[in-house]
Amino acid sequence: RMAAGDLPLADRTPVPRVSKFRFASASSTNEVFGDALKEALRAAQDALPGDARPTFMTVLMASAYCHAPVLDQVEGVPESMVDSRGQEVRAGGVAESIDIIARLFAQRGWTDVPVVGSTVGGYLTEGGEEEGARGLTVTLGYVPGVKVVPFKVPEDVSDSWSQKDWASKASLGDFGSDPHVPGKKESAILLFADPTDPLRTKTVLSGLSFAYPDAKIVGGVAGAVSADHEANVFMFPSLEKAKDKASCLSSSVVGLSLEGDIAVDAVVAQGARPIGPRFQVTQVAGDGREIVKMKELASGADSEGAPMMLFDMCGFMGLIDTADVQEALGFVAMGVSLNPLEEEDCDMEYIVRPISDLEKDGPVLLAEPVRQGQIVRFHVRDGGNATKELESLYLRWQLERSTKGFEGMVPAGAMMFADEYRGKRLFGEEEKEVTMFKKAFPGVSLGGGYFTGAIGELPNFRDRNKKPADPKGAKAGNMTLPGIKLDTFDRHIDKHSVATAYCVVYGPEEDTEQDGEIPV
């Protein structure tokens, strides 16, 4: 009870902390692309502050929208159907989709809002996910004051390009010229790669890492609902450029760079588990992509031979469990050690390289090169291990969000680039990753899709590339050890079998505090 002259106590109701920026994502499963795009655009636009104009848009659309009909039905996805109004719906090409996007942007007066897009095998948002069906998700980025540069990489790209080369040949302009302040002023590159030339994608990753070492790089390799569908990526910086639809398409890589008052947490979950003993690579061919011979390290026996011969031998000797041998029949990959000096297997960390081809009792062909002397180990898909990986990421996300919160940075939104072999096929249940993300970031918008492969950075990998205390370094054979120097291709995964790349973008906190309110 207040006495005369006392002032009323202020209302101490907590209020949510809101970022000045937005990554607003929304989806639709409407069978007609134009209607689906209108529905998703309307919902995403409603999530922007007031009547704010977006800075850019990404669109991830199921390939079924673009694929020319070849059958009445492909793997459960109708190529020709009747919509809710009784009208026949037929798939159009990517060029037709670009035309529809441009018309909707013209209606809104968004003449200079860049668009970057890709076909996918399914979409996901914080509201749920859809695999192997018609559907799309759009993300409207609202980042006033942040430098945003859309770009398309030419086919003759080189991994030795300087920033000047990227500026002139890929239209990246003065990206990378601002001072880098960790947690406050950072840069990021969203990439969408055509799947037909993984070596070119590797070149792009290496080149961007070399020219822009501070930038966080994340994205996906274009996917498709069915193997009969063509995967595509596209980009147009303005409505004027969208008129030439052929120039918007790319058989290389398209992207969007951001630089300014943002903080970016970009990381990859690999979803694979090591099996059997460790091996040392003793002979490679084909620019390092073919492992011809390797040596088993665990048993003490001087066992050297072709990788698959050693795999069979380890299975026969019980060094690889029978259940793991059976699992490897469905999927097997090769993990390359990031910390080969560790003596205990449990302390080893690996970057997992897909095996693109193999011969019984013979060599294996990898999607990415390795070097003679590197330590490797076979890996299999594992839903239980992938779940533990997500739980570890959840703890990381909580810590990262808390740390950035003290610095006045609040989540603006996130994007997720999941490999097509994750989802229900890996976890045995739907929306596993979406659920974990929502638990870590309640109320934060999420957009993404299912791709042929993920592009991103392994957890804490950036710390491994820091300058060593010992300038002389340490070497074993012809392999430079982690913590000393790593080739740029080891930093990223550009075409993976069971990975998801996550990108959480933080922006300065919006001033929402009112009298007596406590931001939380």
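Since this is a predicted model, take the numbers as computed values, not measurements.
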Residue pairs, two or more places apart or on separate chains, that pass salt bridge (charged side-chain N to carboxylate O under 4.0 Å, His left out) and touch [range]:
| range | answer |
| --- | --- |
| residues 112-130 | R53-D112 |
| residues 140-154 | K147-D174, K147-D178, K147-E259 |
| residues 236-252 | E240-K243 |

If the threshold is 4.0 Å, N to carboxylate O, is there a salt bridge linking [X] and [Y]?
| X | Y | value |
| --- | --- | --- |
| D265 | K216 | no |
| E391 | K388 | no |
| R422 | D419 | no |

Heavy-atom neighbours of Q398 CD exceed 12 at 6.0 Å =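 Enclosed.
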Counting heavy atoms not belonging to E431, are there more than 12 under 6.0 Å from its CD?
-> yes
Please confirm whether the backbone N or O of [Y] pairs with a side-chain atom of [X], one donor and one acceptor, at under 3.5 Å?
| X | Y | value |
| --- | --- | --- |
| K184 | E407 | yes |
| S63 | V225 | yes |
| E131 | G122 | no |
| K20 | E510 | no |
| T111 | L239 | no |
| T119 | A222 | no |
| R425 | E420 | yes |
| Q270 | Y350 | yes |
| D165 | S162 | yes |
| D382 | R273 | no |

Are the side chains of D214 and E186 in touch, meaning some heavy atoms are under 4.5 Å apart?
->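 Sidechains of E186 and D214: no contact.
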Is the shortest heavy-atom distance from the side chain of F451 to the side chain of V120 under 4.5 Å?
-> yes
I189 vs L256, side chain to side chain contact (heavy atoms under 4.5 Å, CB included): CA-CA, chis, key distance, verdict | CA-CA 6 Å; I189 300 175; L256 196 74; over 6 Å; no
Looking at residues at least two apart in the chain, or sitting in another chain, which of them share a ring pair (Phe, Tyr, Trp, His ring centres under 6.0 Å) with [X]?
| X | answer |
| --- | --- |
| F427 | none |
| Y123 | none |
| Y450 | none |
| W397 | F437, F441, Y502 |

Drop me the distance from [X]'s [atom1] to [Y]'s [atom2], to the nearest 0.5 angstrom.
| X | Y | atom1 | atom2 | value |
| --- | --- | --- | --- | --- |
| L60 | L136 | CG | CG | 9.0 Å |
| T125 | K438 | OG1 | NZ | 8.5 Å |
| C248 | M235 | SG | CE | 7.5 Å |
| F33 | E96 | CZ | CD | 9.0 Å |
| L205 | T201 | CG | OG1 | 7.0 Å |
| S27 | L446 | OG | CG | 10.0 Å |

Side chain to side chain donor-acceptor pair (under 3.5 Å): pairs with one or both residues in residues 189-199, sequence neighbours excluded |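 Passing the test, one end in residues 189-199: D194-T196.
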CA sep, side-chain torsions, deciding dist, call: L395, L399, side chain to side chain contact (heavy atoms under 4.5 Å, CB included) | CA-CA 6 Å; L395 297 176; L399 178 61; over 6 Å; no
Nearest non-hydrogen partners of [X] and [Y], listed with the distance:
| X | Y | answer |
| --- | --- | --- |
| W161 | P154 | CH2-CG, 3.5 Å |
| Y142 | P49 | CE2-CG, 3.5 Å |
| P411 | S19 | O-CB, 3.7 Å |
| L172 | S257 | CD2-OG, 3.6 Å |
| A193 | V253 | CB-CG2, 3.9 Å |
| A501 | A454 | N-CB, 3.9 Å |

When you compare the side chains of [X] and [Y], does any donor N or O come within less than 3.5 Å of an acceptor on the partner?
| X | Y | value |
| --- | --- | --- |
| S251 | E155 | yes |
| S25 | T139 | yes |
| T500 | E433 | yes |

Run through L249, V116, V115 and flag the one making a side chain to side chain contact (heavy atoms under 4.5 Å, CB included) with F236.
->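 Between F236 and the candidates, side chain to side chain contact (heavy atoms under 4.5 Å, CB included) is satisfied uniquely by V115.
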Donor-acceptor pairs are to be reported for all side-chain atoms of residues 39-48 against protein atoms at under 3.5 Å, with residues two or more places apart or in another chain.
residue: E39; atom: OE1; partner: S28; partner atom: OG; Å: 2.6
residue: E39; atom: OE2; partner: N30; partner atom: ND2; Å: 2.9
residue: Q45; atom: OE1; partner: R108; partner atom: NE; Å: 3.1

Mind telling me whether F151 and W166 have parallel, tilted or perpendicular rings, with 30° and 60° as the class edges?
->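 The rings of W166 and F151 stand perpendicular, inter-plane angle above 60°.
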Using the test salt bridge (charged side-chain N to carboxylate O under 4.0 Å, His left out), find all partners of K439 that sit at least two apart in sequence or belong to another chain.
->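 So K439 forms no salt bridge (charged side-chain N to carboxylate O under 4.0 Å, His left out) with any residue.
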With sequence neighbours excluded, residues passing salt bridge (charged side-chain N to carboxylate O under 4.0 Å, His left out) with K424 =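 Residues passing salt bridge (charged side-chain N to carboxylate O under 4.0 Å, His left out) with K424: none at all.
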All pairs passing ring pair (Phe, Tyr, Trp, His ring centres under 6.0 Å) where residues 241-273 contributes a residue, at least two apart | none
Could you walk me through whether Y506 and I262 pass side chain to side chain contact (heavy atoms under 4.5 Å, CB included), step by step?
-> CA-CA 6 Å; Y506 292 78; I262 58 172; over 6 Å; no
Any chance the rings of Y212 and F175 have centres within less than 6.0 Å?
-> yes
Worked check of side chain to side chain contact (heavy atoms under 4.5 Å, CB included) between L140 and V113 = CA-CA 10 Å; L140 294 179; V113 176; over 6 Å; no
